[in-house]
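Within every chain, numbering begins at 1; the chains are lettered A, B, ... in the order of the sequence lines, protein sequences first and strands thereafter.
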2 protein chains.
Amino acid sequence: MRAKIGQRNDHTFCGVEATLEVIGGKWKGVILYHLVPETLRFGELGKLMPKITQRMLTRQLRELEGDGLVHRKVYPVVPPRVEYSLTERGRTLAPLIMQLKNWGDAYLSKEQPGTGFDTETPGD
Amino acid sequence: MRAKIGQRNDHTFCGVEATLEVIGGKWKGVILYHLVPETLRFGELGKLMPKITQRMLTRQLRELEGDGLVHRKVYPVVPPRVEYSLTERGRTLAPLIMQLKNWGDAYLSKEQPGTGFDTETPGD
DNA sequence: CTCCTTAGTATACAAAGTGATAGTATAAAC
DNA sequence: GTTTATACTATCACTTTGTATACTAAGGAG
C-alpha cells in the first residue's frame, strides 16, 4: 500500500485519496505539523509526541521521506544525530496542515450539538 | 476506535489529529467529496465508488453520520430509499476537501509522469 | 572494562481495518 | 408462489497498523 501512490488502476482514484494516503497515517499529520515551523531531531519529535513509539516514529518518518515530503539529514557522529525537515514539496502542504488544524480545533470546541451522539470526554 | 473523538487527555492532541480522525478513513474523503455538490442515495454513492463494498460504504457513512458530518434521511418505502447529504457542519469541510483534492492532483501529476494511471475527477 | 548516549532495528503479538460472500426485510410485478 | 429491487447486516478470513520489549552501533566518561 505504501509502494506507490496513485497507481490504482481504477479511474475513481483522485486527489482526495492521494492526499489522504500521504498524510493519513496515524501520526503523519502531527509530525508534519511539528515540522512546519522548524527542523527537529528524532528525539525532539518523540518528546513532542509522548505517545508515539520509536518504531512508529521511524516508520512514519520513513514513509514521509519516501513520499518526498520530509528530508532526513544524518550527521555521522556518535551518538547519532539525525535531523528531519520538510522538503520543498512538504512545505506546499503547510497551508493544508494548518487548515486541518483550524477545522479540527473548531470541531473539538463545538462537540456535537444535540445529535444524541456521544462525543464527550469523560473524566479520564 | 471510532468511539470518541477528541480524547485529549494528553495535551498533544490537536486539531490536526481530530480532523484526520474524522476524514481519514479509507473512503471518507471521497464520500465527502461526492456529497459536496449533491445529495446522493446509498446506491448512487456505491456506483460512484465501484471498488467499495456495501459493508464499507455503510460503515464509513455511519461513522460520518456519527461525527455529525453527514445526514441520513430514510424514506419508509419499499424498496428502501435512503439519501445522504452533508450536514451544516459537513459543509464547513468542503473547502478543506477541495484543498485536499487540489494538492493531491498536483502531487499525482508530478510524482507519476505518464504512468498511464487515470486521474479522472468523479463528479466534477 | 562497563555504562551512557541517540537513533534506530528485530521480534512477537494484539488490535483495527478491509474484503468476499451470503443473508434479511418488504411490497409490487409477474 | 417466485422474482426483483434497495439498503443494509452477519460471518469469516486476511492484511495492515500499532504496541511492547529487547537489542545494536560507536565513542567518551568513569
>> Here's a test for you: under salt bridge (Lys or Arg N to Asp or Glu O under 4.0 Å), which of B/Glu65, B/Glu63, B/Glu21 qualifies with B/Lys28?
In response: B/Glu63

>> Heavy atoms only, 4.0 Å cut-off, all strands: where does A/Arg55 land among base, sugar-phosphate and nothing?
In response: base

>> In this structure, how many angstroms lie between the P atom of C/dT9 and the CG atom of A/Leu61, rounded?
In response: 11 Å

> In whole angstroms, how far is the C1' atom of C/dT9 from the CD atom of A/Gln54?
Replying inline: 10 Å

> In whole angstroms, how far is the C1' atom of D/dT17 from the CG atom of A/Leu57?
Replying inline: 15 Å

> Which nucleotide in the set D/dA20, D/dA7, C/dT18 lies at the smallest distance from any side-chain heavy atom of B/Phe42?
Replying inline: D/dA7

>> When you measure from the side chain of B/Thr87 to the backbone of B/Gly68, do you find a donor-acceptor pair of N or O atoms at a distance under 3.5 Å?
In response: yes

> Do B/Trp27 and B/Lys51 touch side chain to side chain, with heavy atoms closer than 4.5 Å?
Replying inline: yes

> Do any of residues 71-78 of chain A sit with a heavy atom less than 4.0 Å from DNA chain D, and if so which?
Replying inline: A/Val78

>> What is the separation between atom CH2 on B/Trp27 and atom P on C/dG17, rounded to the nearest whole Å?
In response: 15 Å

>> Closest approach to the side chain of B/Pro80, judged atom by atom: which nucleotide of C/dG19, D/dA7, C/dA7 is it?
In response: D/dA7

> Is there side-chain contact between B/Leu45 and B/His34, with heavy atoms separated by less than 4.5 Å?
Replying inline: yes

> What is the distance from CE of A/Met56 to P of C/dA10, rounded to the nearest Å?
Replying inline: 16 Å

> Looking for any heavy atom pair under 4.0 Å, which part of the strands does B/Arg41 touch: base, sugar-phosphate only, or nothing?
Replying inline: sugar-phosphate

> Can you check the B/Arg81 CZ to C/dA27 P distance for me, whole Å?
Replying inline: 18 Å

> Could you state the CD1-P distance from A/Ile31 to C/dA7, rounded to the nearest angstrom?
Replying inline: 14 Å

>> Please check: side-chain N/O of B/Ser85 versus main-chain N/O of B/Thr39, any donor-acceptor pairing under 3.5 Å?
In response: no

>> I need the B/Ile23 CD1 to B/Leu64 CG distance, nearest 0.5 Å.
In response: 10.0 Å

> If you look at every strand shown and take non-hydrogen atoms under 4.0 Å, does A/Gln60 touch a base, only sugar-phosphate, or nothing?
Replying inline: sugar-phosphate

>> If I take atom CG from residue B/Leu69 and atom OH from residue B/Tyr84, how far apart are they, to the nearest 0.5 angstrom?
In response: 14.0 Å

> In whole angstroms, how far is the P atom of C/dG8 from the CD1 atom of A/Ile52?
Replying inline: 12 Å

>> Let's see if you can work this out: which of C/dT18, C/dA7, D/dT19 has an atom nearest to the side-chain heavy atoms of A/Lys26?
In response: D/dT19

>> Pick the closest DNA chain D nucleotide for A/Pro79 and for A/Arg59 by heavy atoms, then say which residue is nearer the 5' end.
In response: A/Arg59

